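Reading through the structure tokens given below for one structure.
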There are 2 protein chains.
Amino acid sequence: MVMGWHNWGVRILVVDDEQRLARSIGRGLEAEGFDVDVVHDGLDGLWRAREGSYAAIVLDIMLPGMNGYEVCRTLRAEDNWTPILLLTAKDGEYDEAEGFELGADDYLRKPFSHVVLTARLRALARRSSGAPALVLRVGELALDPGTRRCTRGDSVVELTPREHAVLESLMRRAPDVVPKQDLLDEVWGIDFEGDPNIVEVYVGYLRRKIDKPFAVNAVRTVRGVGYQVVES
Amino acid sequence: MVMGWHNWGVRILVVDDEQRLARSIGRGLEAEGFDVDVVHDGLDGLWRAREGSYAAIVLDIMLPGMNGYEVCRTLRAEDNWTPILLLTAKDGEYDEAEGFELGADDYLRKPFSHVVLTARLRALARRSSGAPALVLRVGELALDPGTRRCTRGDSVVELTPREHAVLESLMRRAPDVVPKQDLLDEVWGIDFEGDPNIVEVYVGYLRRKIDKPFAVNAVRTVRGVGYQVVES
DNA sequence: TCGACAGCTGAGAGAGCTCTCAGGTGTCCT
DNA sequence: AGGACACCTGAGAGCTCTCTCAGCTGTCGA
């Protein structure tokens, strides 16, 4: 499925005091093969970061103890250049521009999709570790999350960003069945409030593009659970 | 203007037999600070590539001598993993999916915008050299081509992809004046056939976002020539 | 001062993407 | 067999982005 790639031994620090979100991020990154440490307090985060062996840090702005800006500024002042991905609230209570000046490498506005977070984080972690890009493969299906390119056999399949995110979620876990709720969480974010039917709609779009033109179906429905991508 | 960044000594090989296009690519990459070698024949390209000191290779599919696929496949078979960016014609005479399987790291469909090419190429070259990402700065304006984020002073400015490309072209050459035709070539591609007035339209959009809300203008018109970004 | 031309901008068409909704289809259990 | 429920899908609304066009404004030179 995943070729020439491993994240084992790559450590990520997550600093976020929203328990549910932090757990969700942690679980997702562990599923990616990262070693994840989660702390809920700014000062804890700073101490951990100083230990120094993280490939990247996911840092919320709003934190008890010491806020994300200060953690970021302090680390940079100490000449610690571990890549930092800042999480900012959309209400703009804190100033997004500031993070830019403080030495954050990337930032993400809440609420964000899990797929986007891991994509950005992989890019950051790769930058510091120099590991090669990866291509997801399941049978004759191939998906390159970096260049956002998808092929089935000899055909190139054009995907919209949403379609790509859904397929990526499915392929990362193949051949496992991915529950519908997980897709919703990972692609639309844990606080999506629309019609969950959107998952079915997007699976439908995907099938039109990667199944309809071919003899064998790659996307299977597992009734009452979710979907899976199978070898074809 | 550009901080903590240099591409000097980073060599790029361009293999393309369309003279005009190859020259345009070469000029653009040299303006970026890359050392560029251009050859127009597949076999030449292969020999050059074997010399081995390139950070990345831009490789057209359609070539006299030996086509791009074969060059790519041969290099990989020889265990040469220099990052390759394939250029494919949009008419699909050659199969895009094939490049994927042959070990190309990225590919771009013609006609492409110069800004997109250099962005992808920088990503590839950085991957192999491990250099840090860069942020363009002119006065209080900052633009991160990697994360596509723009700020002026303390404000975050949301840009569409086209707007970003225009601003990036301007900022990369700041404080020089960028001729209107250069913007057209770099952002819309050398074979854009629409109304050149599009440049004025997009500069207008940019000004609405990065000048109107502020006291001092960052984008200046140089009548009869083009535009420039100045310190503000 | 006035004409010519460069540049500016508002209006709007067209395309693509996302999401909602409602009605249809299929499956499973009793 | 029939009902309940999961899933599928076509239609279409709303939005953003891109680009065209036409008319306006400002500038420069004669």
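Keep in mind it's a predicted model, so treat the numbers as computed, not measured. Chain identifiers are assigned alphabetically (A, B, ...) following the order of the sequence lines, protein sequences preceding nucleic acid strands; residue numbering begins at 1 within each chain.
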Going 5' to 3' through nucleotides 3-16 of chain D, assign each nucleotide B (protein heavy atom under 4.0 Å from a base atom), S (under 4.0 Å only from sugar-phosphate atoms) or - (no protein heavy atom that close). --BSBBBS------
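Between Asp195(A) atom CG and dG23(C) atom C1' there is a gap of 14 Å when expressed in whole angstrom units. Going from atom CG of Leu183(B) over to atom P of dT18(D) covers 15 Å, rounded to whole Å. Protein atom CD of Glu163(A) is 11 Å distant from nucleotide atom P of dC19(C), rounded to whole Å. One can place CG of Leu184(B) at 15 Å from P of dT18(D), the figure rounded to the nearest angstrom.
Counting non-hydrogen atoms of neighbouring residues, nucleotides and ligands closer than 6.0 angstrom, the CZ atom of Arg207(B) exceeds 12 such neighbours. The number of heavy-atom neighbours closer than 6.0 Å to CZ of Arg220(A), taken from other residues, nucleotides and ligands shown, is 12 or below.
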Step-by-step side chain to side chain contact (heavy atoms under 4.5 Å, CB included) determination, Val187(A) to Phe192(A): CA-CA 9 Å; Val187(A) 176; Phe192(A) 174 76; over 6 Å; no
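No hydrogens or angles considered: nothing links the side chains of Arg162(A) and Ser113(A) as a donor-acceptor pair under 3.5 Å.
Remark: Trp188(B) is not in phosphate contact with dT18(D), judged by side-chain N or O atoms under 4.0 Å from OP1 or OP2.
Between Glu186(B) and Arg172(B) there is no salt bridge, since no side-chain nitrogen of the basic residue lies less than 4.0 Å from a carboxylate oxygen of the acidic one.
Cation-pi geometry between Arg149(B) and Tyr107(A) is not met at under 6.0 angstrom from the ring centre and within 45 degrees of the axis.
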